[in-house]
Amino acid sequence: MPQNLVSLDISADEIAAMDQAIATLEALTKPFITLSTDDKNSLVKMGDKSVAFCQQTALVLSQNKDALPAGFDYTEMEDDLAAYAALQGRALRIREVLAKMDDTQTALGSDIMVAASEGYALMKLFGKAEGLSELQQAMRVRRPGRRRKGDAAAG
């Protein structure tokens with residue numbers, strides 16, 4: 001029995017709406033930065049457990065601004081905390097959407113590979129009788145992970 005993990009019929013309007021949403025996100029995130037792996041590895045990180053510490057520290061600092069040296073930019077810290085909080089939930093939502101898209105694409109790819117393998121097996125059985133030996137050879141060459149004597153390299 002054929003595999004069918006997911007069936008989608010994405011309309012042109014839905015594709016256009018997704019493209020517009022992506023374009024909007026790209027425009028809104030233009031001022032955001034991209035860090036190299038080395039940069040990420042060298043940074044002090046704020047994890048979930050650190051958020052409360054940072055928020056409480058900001059509160060204490062706001063109550064003691066007169067004790068801060070002139071070079072300490074409390075306003076920047078406060079702005080960074082607000083931006084971090086604003087992005088945190090939205091980033092999670094985007095990750096969840098991306099995970100659904102990735103899983104759906106994986107399922108679609110699996111459905112396609114299963115159908116192609118079944119179709120290939122059918123062509124292998126009945127292809128010569130139907131005059132499709134050239135297609136059968138092309139399918140054999142392109143079928144991943146399969147090499148037979150006389151076949152070109154798989155790929």
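Judged by distance alone, with hydrogens and angles left aside, the side-chain atoms of Asp111 form a donor-acceptor pair with the main-chain N or O of Val6 at under 3.5 Å.
Taking each heavy atom of Asp9 and Glu14 in turn, the nearest pair found is O-OE1, 3.8 Å. Between Lys45 and Ser50, the shortest heavy-atom contact is O-OG, 4.4 Å.
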Which pairs would a plain distance check flag for residues 22-42, meaning a side-chain donor or acceptor within less than 3.5 Å of a matching protein atom at least two apart in sequence or in another chain?
from, atom 1, to, atom 2, distance (Å)
Thr24, OG1, Gln20, O, 2.9
Thr24, OG1, Gln20, NE2, 3.3
Thr29, OG1, Leu25, O, 2.7
Thr29, OG1, Glu26, O, 3.4
Ser36, OG, Asp39, N, 3.0
Ser36, OG, Asp39, OD2, 3.2
Asn41, ND2, Thr37, O, 3.3
Ser42, OG, Asp38, O, 3.3
Ser42, OG, Asp39, O, 3.0

For residues 77-100, please give each side-chain donor-acceptor pair under 3.5 Å, one per line with the distance, not counting sequence neighbours.
from, atom 1, to, atom 2, distance (Å)
Glu78, OE2, Tyr74, OH, 3.3
Arg90, NH1, Ala86, O, 2.6

List, one per line, each side-chain donor-acceptor pair under 3.5 Å for residues 58-67, sequence neighbours excluded.
from, atom 1, to, atom 2, distance (Å)
Ser62, OG, Leu59, O, 2.7
Asn64, ND2, Val60, O, 2.8

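Enclosure of atom CE in Met101 is not indicated, since only 12 or fewer non-hydrogen atoms of other residues, nucleotides or ligands lie within 6.0 angstrom. Under a cut-off of 6.0 angstrom, the local environment of CD in Glu76 is crowded, with over 12 non-hydrogen atoms contributed by other residues, nucleotides or ligands.
For the atom pair CD1 of Ile10 and CG of Leu8, the computed distance is 5.0 Å after rounding to the nearest 0.5 Å. Note that the CG atom of Asp102 and the CD atom of Gln105 stand 7.0 Å from one another [nearest 0.5 Å]. For the atom pair CG (Leu5) and CD1 (Ile112), the distance works out to 11.0 Å, reported to the nearest 0.5 Å. Residue Ser110 holds its OG atom at 3.5 Å from CD of Gln3, rounded to the nearest 0.5 Å.
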